[in-house]
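All ligand and atom numbering here is 1-based and tracks the order in the structure. In this text the structure is predicted, and so the values were computed from the model without any measurement.
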Amino acid sequence: MTTSDWLNLNHIWLPYTQMKTAQLPVPVVSARGVHLHLADGRELIDGIASWWTACHGYNHPYVQTKIAEQLKKMPHVMFGGLAHEPAYRLAQRLAAALPGDLNRVFFTESGSVAVEVALKMAVQFWLNQGQRRTKFVSFRHAYHGDTFATMAICDPEEGMHKLFHGVLPDQFVTALPDSKENHNALDHLLAQNRKEIAAVIAEPLIQAAGGMKFHDPEVLIDLKALCDRHGLLLILDEIFTGFGRTGTMFACEQAGVVPDILCLSKALTGGTMPLAATVATNRIYEKFLSDDPEAALMHGPTYMAYPLGCAAANASLDLFESEPRLRQVAAIATQLTDELALCRQAPGVRDVRVKGAVGVVQMDQPVDAVKLRARFVEKGFWIKPFADVIYITPPFVIEERELSGLTRAIEEVLNGR
Ligand SMILES: *Cc1c(COP(=O)(O)O)cnc(C)c1O
């Protein structure tokens with residue numbers, strides 16, 4: 001297949017890329033299972049599941065069929081004043097799958113927007129009770145999206161949005177309560193500022209784009225207890241962790257913590273359609289019920305509850321019921337633990353860590369991401385290191401020998417082979 005008539009950098013603007021020195025991205029013509037088929041005929045095993053979305057692998061025939069059925073009926077219809085079955089069914093199923101009384105589902109089209117809606121819900125929860133609270137508490141290494149409100153709650157020093165410091169509203173960014181000292185510091189911050197704080201927001205168990213940092217369920221338990229003690233709302237951003245990635249359907253289950261608001265996207269549609277959800281508990285939702293029309297949540301993206309996306313998400317949930325996804329995640333965790341251990345001896349490696357279907361090789365220094373990526377492509381693997389980590393987050397359907405290929409490629413590249 002020829003790419004010479006379209007593949008150039010004349011008009012496109014690439015994500016997170018310095019275009020002056022940008023290299024041409026790798027052209028993909030189709031994908032199936034864990035494989036990306038390239039324009040030049042080569043195949044790559046995808047070690048990151050297309051930014052953590054393709055949990056069932058690519059082109060799962062069941063999801064494809066369900067999307068095709070919906071496409072024939074109606075790819076889209078506006079959500080204001082009109083209803084369609086895929087969204088109402090999906091809302092019911094998400095409420096049933098999520099812990100506690102996270103019962104009220106608001107659909108949007110991307111993760112960043114789902115977080116924006118969560119922040120807006122939190123602010124309005126207080127406004128509807130006559131309280132003006134404008135601040136959020138988030139954590140070092142946090143990543144919650146690329147839009148303005150979400151940039152403001154990303155790590156302001158090490159995160160990718162540090163250039164915007166001073167442009168964005170200042171928020172409280174501190175350490176997760178993962179030690180006595182950090183617990184006390186957070187407790188103090190919340191006590192001092194509680195009247196100003198609309199909510200505390202965190203990524204449960206794994207902070208992904210901020211460096212694949214892990215914390216224990218106890219940290220979440222403590223965080224929830226601190227929020228309760230100071231009467232503050234807790235938002236959990238499960239956009240990366242949701243749908244099995246950490247070993248349970250949702251990461252918060254491992255801590256037994258039910259947040260006030262929870263955000264989902266990424267694997268929601270099994271990596272097929274852009275869709276996101278912001279889910280609130282009854283307590284949040286009830287504060288929007290009023291005789292005053294202004295107390296309503298004034299939000300409604302044009303493609304809200306996109307029917308094709310909802311059909312894909314329903315199909316994805318079917319697969320979580322009919323195929324052994326969580327067992328596959330457990331097997332991936334065991335295999336990653338065994339095989340990535342070999343990387344510990346390689347030069348420049350500080351440590352290796354695994355949680356669920358996430359394997360991380362932590363380097364001492366930031367890596368040459370572009371060079372490493374090219375080395376992996378030469379070997380037939382799609383692995384995209386960033387900052388000081390080389391990680392894999394494979395589709396859950398990956399076979400043992402394919403996963404061994406990925407871990408071996410990392411070990412070889414680290415050892416200069
Ligand atoms: C990817 C991600 C987002 C942003 O989602 P987009 O769909 O890229 O806007 C937000 N939070 C977390 C934890 C994410 O991993």
| query | ligand 1 versus H144, non-hydrogen atoms closer than 4.0 Å: side chain, backbone, both, neither? | reply | backbone
| message | Counting only heavy atoms, tell me which of P15, P274, G111 gets closest to atom 7 (O) of ligand 1. | response | G111
| said: Taking 4.0 Å as the limit for heavy-atom contacts, which would you say applies to S112 with ligand 1: side chain only, backbone only, both, or neither? | reply: both
| message | For atom 13 (C) of ligand 1, tell me which residue out of I153, D237, T150 has the closest non-hydrogen atom. | response | D237
| Side-chain donor-acceptor pair under 3.5 Å between T407 and E339, yes or no? | yes
| request: To the nearest 0.5 angstrom, please state how far the CG atom of D178 sits from the CD atom of E218. | output: 12.0 Å
| query | For ligand 1, which atoms sit closer than 4.0 Å to a heavy atom of K266? | reply | 1 (C), 2 (C), 3 (C), 14 (C), 15 (O)
| query | Quick one: CH2 on W51 to CD1 on I239, what's the gap to the nearest 0.5 Å? | reply | 14.0 Å
| message | I'd like to know if R93 pairs up with E321 as an ion pair, taking the criterion as any Lys NZ or Arg NE/NH1/NH2 lying under 4.0 Å from an Asp or Glu carboxylate oxygen. | response | yes
| said: With a heavy-atom distance limit of 4.0 Å, tell me whether W51 approaches ligand 1 through its side chain, its backbone, both, or neither. | reply: neither
| message | Is a donor from one side chain sitting under 3.5 angstrom from an acceptor on the other, for N103 and Y285? | response | no
